[in-house]
*Asks:* 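One structure, pasted below without further comment.
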Amino acid sequence: MLSLEAMREIKNAYATDSAAIEAVSERLGNPTPDEVVDTAFTGMGSDDRNVRVLMLHILKQQSGEKAMRGVVAGLSDPMRRVRSVAVMSSGSYLHFPEITTRLQEMVTDEREKRKIRSQALSMLAGAAQ
């Protein structure tokens, strides 16, 4: 399992370029994509919303069913900020019915924040990728 600091480094590298990603990966011992996803998925269970947000930023760059399940968890998170980041992280997972179903539920949920409902609709329409 990767440390929280390692996950922060990975997230920051994703925001730059492939050379930075390679350098961070090498410095961290070349973790496999499965290791990154496993750590992010586990991090989605954190009590700290900032950790969950960090993990969603990482899951956005990943693929596969386990990563998708982490994003689905974020879409149902009790914290508004986490749900918002989860919506923005779901673009790579729109081929999974679990994602599109949850986004549709968010769009029609009158109790959901208007901004998040709008983000979910935009994601479903393909405008926010």
Side-chain angles (χ1 to χ4, degrees):
M1 194 75 49
L2 296 165
S3 71
L4 187 57
E5 185 54 41
M7 296 300 274
R8 284 189 184 107
E9 286 185 52
I10 291 169
K11 183 242 181 203
N12 291 337
Y14 286 158
T16 57
D17 58 29
S18 60
I21 295 169
E22 286 180 35
V24 167
S25 182
E26 188 174 312
R27 187 170 54 255
L28 296 175
N30 294 312
T32 66
D34 285 342
E35 289 175 291
V36 174
V37 169
D38 287 346
T39 302
F41 184 78
T42 300
M44 288 303 297
S46 173
D47 290 336
D48 185 340
R49 73 176 175 157
N50 295 317
V51 171
R52 297 192 306 273
V53 166
L54 169 65
M55 299 309 161
L56 284 165
H57 283 294
I58 291 170
L59 290 171
K60 180 179 182 177
Q61 304 296 324
Q62 304 302 316
S63 63
E65 187 173 335
K66 190 167 194 175
M68 176 275 300
R69 287 188 284 131
V71 174
V72 168
L75 292 171
S76 298
D77 197 274
M79 300 302 292
R80 175 184 48 85
R81 180 169 170 243
V82 177
R83 289 193 314 277
S84 178
V85 172
V87 170
M88 301 315 291
S89 298
S90 64
S92 299
Y93 301 98
L94 294 175
H95 59 283
F96 286 99
E98 296 92 334
I99 294 287
T100 55
T101 298
R102 181 63 190 123
L103 288 171
Q104 289 168 350
E105 290 169 356
M106 293 171 86
V107 167
T108 59
D109 184 355
E110 296 284 331
R111 294 167 294 160
E112 183 58 82
K113 299 289 184 185
R114 185 178 321 142
K115 180 178 179 181
I116 295 175
R117 291 174 69 194
S118 178
Q119 289 173 327
L121 181 59
S122 293
M123 185 58 68
L124 284 168
Q129 296 204 27

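Because the structure is a prediction, the values reported are computed rather than measured.
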*Asks:* Rounded to the nearest 0.5 Å, how far apart are OH of Y93 and CD of Q62?
*Replies:* 6.5 Å
*Asks:* Please check if V87 and V72 belong to a single hydrophobic cluster, counting links between Ile, Leu, Val, Met, Phe, Trp and Tyr side chain heavy atoms closer than 4.5 Å.
*Replies:*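 Yes, because V87 and V72 connect within a single hydrophobic cluster, where side-chain heavy atoms sit under 4.5 Å apart.
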*Asks:* Does any N or O in the side chain of S122 come within less than 3.5 Å of the main-chain N or O of S118, such that one atom is a donor and the other an acceptor?
*Replies:*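 Side chain of S122 to backbone of S118, a donor-acceptor pair under 3.5 Å: yes, one is there.
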*Asks:* Do D109 and R117 meet the salt-bridge criterion of a basic N to acidic O distance under 4.0 Å?
*Replies:* no
*Asks:* Shortest non-hydrogen contact from G43 to V51?
*Replies:* O-CG1, 3.8 Å
*Asks:* Within the supplied structure, the quantity of interest is the number of heavy atoms (other residues, nucleotides, ligands) at a distance under 6.0 Å from E5 CD; does it exceed 12?
*Replies:* yes
*Asks:* For K115, look at atom NZ and say whether over 12 heavy atoms of other residues, nucleotides or ligands are found less than 6.0 Å away.
*Replies:*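 It does not: K115 NZ has 12 such atoms or fewer within range.
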*Asks:* Which heavy atom of Y14 sits nearest to which heavy atom of Q61, and what is that distance?
*Replies:* CD1-CG, 3.2 Å
*Asks:* Nearest 0.5 Å please: distance from the CG atom of L54 over to the CG atom of L59.
*Replies:* 9.5 Å
*Asks:* For the backbone of E105 and the side chain of T108, can you confirm whether one donor and one acceptor N or O come within less than 3.5 Å of each other?
*Replies:* yes
*Asks:* Using atom types as modelled and distance alone, determine if a side-chain donor or acceptor of R52 lies under 3.5 Å from a backbone N or O of S46.
*Replies:*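 Flag set: sc R52 to bb S46 pair under 3.5 Å.
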*Asks:* Any chance you could measure R83, atom CZ, to R102, atom CZ, to the nearest 0.5 Å?
*Replies:*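 Taking CZ in R83 and CZ in R102, the distance rounds to 8.0 Å.
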*Asks:* Under 4.5 Å between any side-chain heavy atoms of R69 and E65, yes or no?
*Replies:*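 R69 vs E65: side chains touch.
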*Asks:* Can you tell me how far apart CG (L94) and CE (M68) are? Round to the nearest 0.5 Å.
*Replies:* 12.0 Å
*Asks:* So which atom in I58 and which in A40 form the shortest heavy-atom distance, rounded to 0.1 Å?
*Replies:*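 The answer is CG2-CB, 4.3 Å.
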*Asks:* For V53 and V82, which heavy atoms make the closest approach, and how far apart are they?
*Replies:* CG2-CG2, 3.9 Å
*Asks:* Is the number of heavy atoms from other residues, nucleotides or ligands under 6.0 Å of R81 CZ greater than 12?
*Replies:* yes
*Asks:* Measure across M7 and L2 and return the closest heavy-atom pair with its distance rounded to 0.1 Å.
*Replies:*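 Distance-wise, the nearest heavy atoms are SD-CD1, 3.8 Å.
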*Asks:* Assigning hydrophobic clusters by single linkage (Ile, Leu, Val, Met, Phe, Trp, Tyr; side-chain heavy-atom cutoff under 4.5 Å), is F96 placed with F41?
*Replies:*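 Shared cluster, no.
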*Asks:* Could you pull out the closest heavy-atom pair between T39 and M55, with the gap in Å?
*Replies:* O-SD, 4.2 Å
*Asks:* Tell me if a side-chain donor or acceptor on T101 pairs with a main-chain N or O of E98 at a distance below 3.5 Å.
*Replies:* no
*Asks:* Can you measure from CD (E9) to CG (L28) and round to the nearest 0.5 angstrom?
*Replies:*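 Here the interatomic distance stands at 5.0 Å.
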*Asks:* Stepwise, does the side chain to side chain contact (heavy atoms under 4.5 Å, CB included) test hold for E26 with N30?
*Replies:* CA-CA 5 Å; E26 188 174 312; N30 294 312; 4.1 Å; yes
*Asks:* My understanding is that only residues two or more places apart in sequence, or in another chain, count here; which of them pass side chain to side chain contact (heavy atoms under 4.5 Å, CB included) with S89?
*Replies:*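 For S89 the side chain to side chain contact (heavy atoms under 4.5 Å, CB included) partners, ignoring immediate neighbours, are L56, K60, V85.
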*Asks:* With clusters defined by side-chain heavy atoms of hydrophobic residues (ILVMFWY) lying less than 4.5 Å apart, directly or transitively, does V71 cluster with M79?
*Replies:* yes
*Asks:* Find the distance between NZ (K11) and NE2 (H57) and round it off to the nearest 0.5 Å.
*Replies:* 5.0 Å
